[in-house]
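Bear in mind the structure is a predicted one, so any value in this text is a computation, not a measurement.
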Amino acid sequence: MNQRIHHLLDRWLAESPQRPFIHLPDGSSLSFADIGTLTDTAEAELRAQGVRPGDRVLVVAENCPAHAALILACSRVGAWSCGVNARMAPGEIDAFAAKADARLVYFTTEGSRAAADHARRFLAVDSDLAGLQRSPVRADAVAESGPLRDEVAALIFTSGTTGTPKGVMVGHDALAHFARVSAASRALAPGDRSYAFVPMTHIFGLGTVLLACLHAGAQMVMRPQFDPADLLDALARHGVSQLQGPPALYARLLAHLQEQGIARVDAPALRYVYTGAGPLDLTLKRRVEQALGQTLHHGYGLSEYAGSVHLTRQGEQRDDTSAGYVVEGAEVRAVDPATGQALPTGQRGELWIRGRGLMAGYFRDAEATAAVMREGGWYASGDLGELHADGALFVVGRLKEMIIRSGFNVYPAEVELALNELPGIQRSAVVGRPERDGNEEVVAFVELRPGATLDSAAARAHLRQRLAPYKLPAHIVALAELPTSPNGKVLKRLLQERAQTLA
C-alpha cells in the first residue's frame with residue numbers, strides 16, 4: 001500500500017506509544033497513544049457521518065491536538081482535510097467552504113473564540129471529539145473520483161496576499177517525502193521539542209512542523225497563536241530546541257525584547273532556528289542571530305510544492321539572505337519569463353519548479369492550473385530569483401510585484417532592504433502605484449520599532465546613498481503595524497489599495 005500521512009503516526013503507536021508528543025499551554029502533555037485515541041474517535045465519527053474517500057472535510061482551526069487528529073483521521077478514511085485559519089473573516093470562511101465543496105465542516109471551538117463564532121453561524125453541534133463542533137452533513141457534496149481521490153491528502157488554500165485564494169491539491173507522497181526531507185535538514189530527533197505555533201492550516205505548519213515531527217518522533221510545544229512572552233518562557237523553561245516561523249514572528253519577538261529591555265534570550269536547549277514563508281531581510285537576520293545566539297536558517301517554499309524546495313544547511317553560517325540549496329527530489333531553474341528559456345548562473349529570472357512534491361493542480365480549476373504549468377512538468381512560480389555558482393538561491397520578489405519606473409525595473413525587496421537598515425524601522429513593504437501615463441510610483445510603508453518615529457528627511461537621505469533615483473519612493477508612510485495574513489505574510493494587496501488613496 002502506498003504511504004499515507006497517517007502511517008507516520010502508526011509507526012510510533014507500534015514502537016513508542018507512551019512517549020510524549022504534544023505539550024500544551026496548561027502544562028499537560030499528550031503521548032502518541034493519546035493522539036492515536038483522538039484519531040480513532042475522529043475516524044469513527046467521520047465514518048458515522050458518511051464521509052467517503054474523496055470527500056473534503058473543512059477544519060476551521062487554530063492549533064490544537066484535535067485538529068492534528070482530524071488531519072490524520074481524514075487520511076485513514078481517504079477524505080481530504082482542508083484547514084482554514086479561524087481568524088479569517090466570515091465571508092472568507094464561507095468562500096472556502098463553498099470552494100472546497102465540503103461535506104462536513106469542523107470548528108476547534110474549545111481553544112479558539114474565533115472558531116466558536118464561526119461555528120454558531122454554521123449551526124454546528126458538539127462533536128464526539130472533545131473541543132470540536134461540526135456542521136450538519138452536506139448530502140449534495142460531490143466526492144472526488146479517479147486517481148486524485150487516493151493521491152491527494154489535503155487542500156491547502158493559498159494565502160491570497162495578492163489575489164483570490166486557490167485550493168492546492170497536495171499529495172500523501174509529497175507530504176510524507178517532505179516530512180522526511182525537512183526532519184533530515186535539521187537533524188530532528190525524538191529528544192527535540194519544536195515550538196509549534198505556525199498554523200497547521202498552512203503548508204508550513206502542516207509539513208515542516210506537524211508531519212516532520214511525526215516522521216522523526218519529535219515533540220511539539222503546541223500553541224494556538226504566537227505570544228512573544230510565552231515563547232520566551234518556553235525557550236527558558238520548557239526545553240524548546242527548534243523554532244520555526246515567518247519573518248513576522250521574529251519582528252514581533254524583537255519588538256517585545258526591545259520593550260522589555262532584553263538583549264539576549266535565555267534558551268539553553270535551542271539549537272535550530274529557521275524562517276520561511278516570506279522574504280528575509282539581512283538586518284532582521286543579524287538582529288535575530290544576536291538575540292538568540294543561533295544561526296537563522298532560511299528556505300524557499302510554497303504551498304504548490306508541499307514545503308520547501310531550497311534550504312540552508314546546518315553548520316553553514318552565511319551573512320546574506322540566501323534561501324540555501326535545492327532539496328532532494330526537487331528541481332529549480334531561473335528562466336526568462338517571456339520565453340521560458342533557462343538563464344545562465346547568476347542571472348535573475350522567474351523560478352520554475354518540478355519534482356516529487358509538486359501539487360496535483362488547483363482543485364476544480366483547470367484554467368488556473370493551466371496558467372502556471374509548463375511543458376515538461378514545470379510549475380511557473382511567479383517568484384523572481386537567481387541561482388549562484390555554488391547552487392545557493394536568492395529570491396528577490398514576485399514577478400507581479402515588480403514596479404516599472406521610467407522604463408526601469410524596481411524590485412521591492414531592494415528598496416525594503418535599504419529601508420530596513422534604518423534604526424527606527426522594524427520592517428517595510430514596497431508597492432507600485434500606477435500613474436496616468438502608464439508609469440508607476442514607488443510607495444513604501446514602514447512599521448516602526450517601539451518608541452521610534454519616522455524622520456522622513458533622514459530616511460530619504462539614507463535612500464539616496466543606497467538606491468538609484470528611479471528606485472526612490474515617492475511616499476514613505478509609517479504604520480503602527482503592516483497588515484499580515486494569519487500565516488505572517490504581508491498583505492501587499494491591502495497596501496496597494498491604500499496607496500491609491502495617498503495625495
Side-chain angles (χ1 to χ4, degrees), residues 1-10 35-61 64-85 93 96-108 115 119 122 124-125 127-129 131-157 166-176 179 199-203 205-207 210-211 214 303 306 359-365:
M1 180 185 294
N2 292 332
Q3 186 176 38
R4 292 176 174 268
I5 57 174
H6 71 269
H7 294 151
L8 298 173
L9 173 64
D10 290 347
I35 295 299
T37 299
L38 290 178
T39 303
D40 291 342
T41 302
E43 178 189 3
E45 179 166 276
L46 290 174
R47 295 188 187 280
Q49 293 299 312
V51 173
R52 307 152 297 184
D55 273 332
R56 276 77 50 210
V57 175
L58 197 78
V59 189
V60 181
C64 65
H67 183 198
L70 264 177
I71 291 169
L72 298 167
C74 284
S75 175
R76 287 182 179 178
V77 172
W80 304 1
S81 64
C82 315
V84 293
N85 197 295
I93 299 295
F96 287 132
K99 186 181 287 287
D101 187 22
R103 186 164 177 81
L104 201 58
V105 184
Y106 279 90
F107 306 86
T108 60
F122 278 75
V125 299
S127 162
D128 293 341
L129 204 61
L132 288 184
Q133 291 187 332
R134 57 174 171 79
S135 70
V137 173
R138 271 194 54 227
D140 60 341
V142 179
E144 192 66 26
S145 59
L148 286 178
R149 187 191 74 173
D150 298 322
E151 176 187 345
V152 174
L155 281 189
I156 300 291
F157 290 103
K166 298 178 285 291
V168 178
M169 294 186 287
V170 185
H172 284 279
D173 181 72
L175 285 168
M200 293 184 292
T201 56
H202 186 269
I203 192 65
L206 175 61
L210 173 64
L211 297 183
L214 271 175
S303 299
M359 69 174 180
Y362 296 117
F363 180 59
R364 295 181 183 172
D365 197 338

Straight-line distance of [X] [atom1] to [Y] [atom2], nearest 0.5 Å:
| X | Y | atom1 | atom2 | result |
| --- | --- | --- | --- | --- |
| Leu175 | Ile203 | CG | CD1 | 5.0 Å |
| Leu72 | Leu8 | CG | CG | 8.0 Å |
| Leu58 | Ile93 | CG | CD1 | 7.0 Å |
| Asp101 | Asp140 | CG | CG | 7.0 Å |
| Ile156 | Ser81 | CD1 | OG | 7.0 Å |
| Lys99 | Cys82 | NZ | SG | 12.0 Å |

What heavy-atom pair brings [X] and [Y] nearest, and what distance separates the two atoms?
| X | Y | result |
| --- | --- | --- |
| Pro53 | Val77 | CG-O, 3.5 Å |
| Leu148 | Trp80 | O-CZ2, 3.3 Å |
| Ala100 | Phe157 | CB-CZ, 4.0 Å |
| Ala153 | Ile5 | CB-CD1, 4.3 Å |
| Ala124 | Gln133 | CB-CB, 3.9 Å |
| Ser127 | Tyr106 | OG-CE2, 3.7 Å |

Salt-bridge contact Arg134-Asp128 (side-chain N to carboxylate O under 4.0 Å):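 Judged by the 4.0 Å cut-off on N to carboxylate O distance, Arg134 and Asp128 do not form a salt bridge.
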Salt-bridge present (Asp40, Arg76; N to O < 4.0 Å):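 Looking at Asp40 and Arg76, the cut-off is met.
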Will you find, in the side chains of Arg4 and His172, an N or O donor that is under 3.5 Å from an N or O acceptor? yes
Hey, is the main chain of [Y] close enough, under 3.5 Å, to the side chain of [X] for a donor-acceptor pair?
| X | Y | answer |
| --- | --- | --- |
| Ser75 | Ile71 | no |
| Arg103 | Arg138 | yes |
| Arg52 | Arg47 | no |
| Arg56 | Gly54 | yes |

Report yes if the side chains of [X] and [Y] come closer than 4.5 Å at any heavy-atom pair, otherwise no.
| X | Y | answer |
| --- | --- | --- |
| Asp173 | Gln3 | no |
| Glu43 | His6 | no |
| Leu155 | Val170 | no |
| Phe363 | Lys166 | no |

Take Thr108 and Val60 through the test side-chain contact (heavy atoms from CB on, under 4.5 Å) and record every step on the way to the result. CA-CA 7 Å; Thr108 60; Val60 181; over 6 Å; no
With side-chain contact (heavy atoms from CB on, under 4.5 Å) as the test, pick out the partner of Cys74 among Leu104, Val59, Val57. Val57
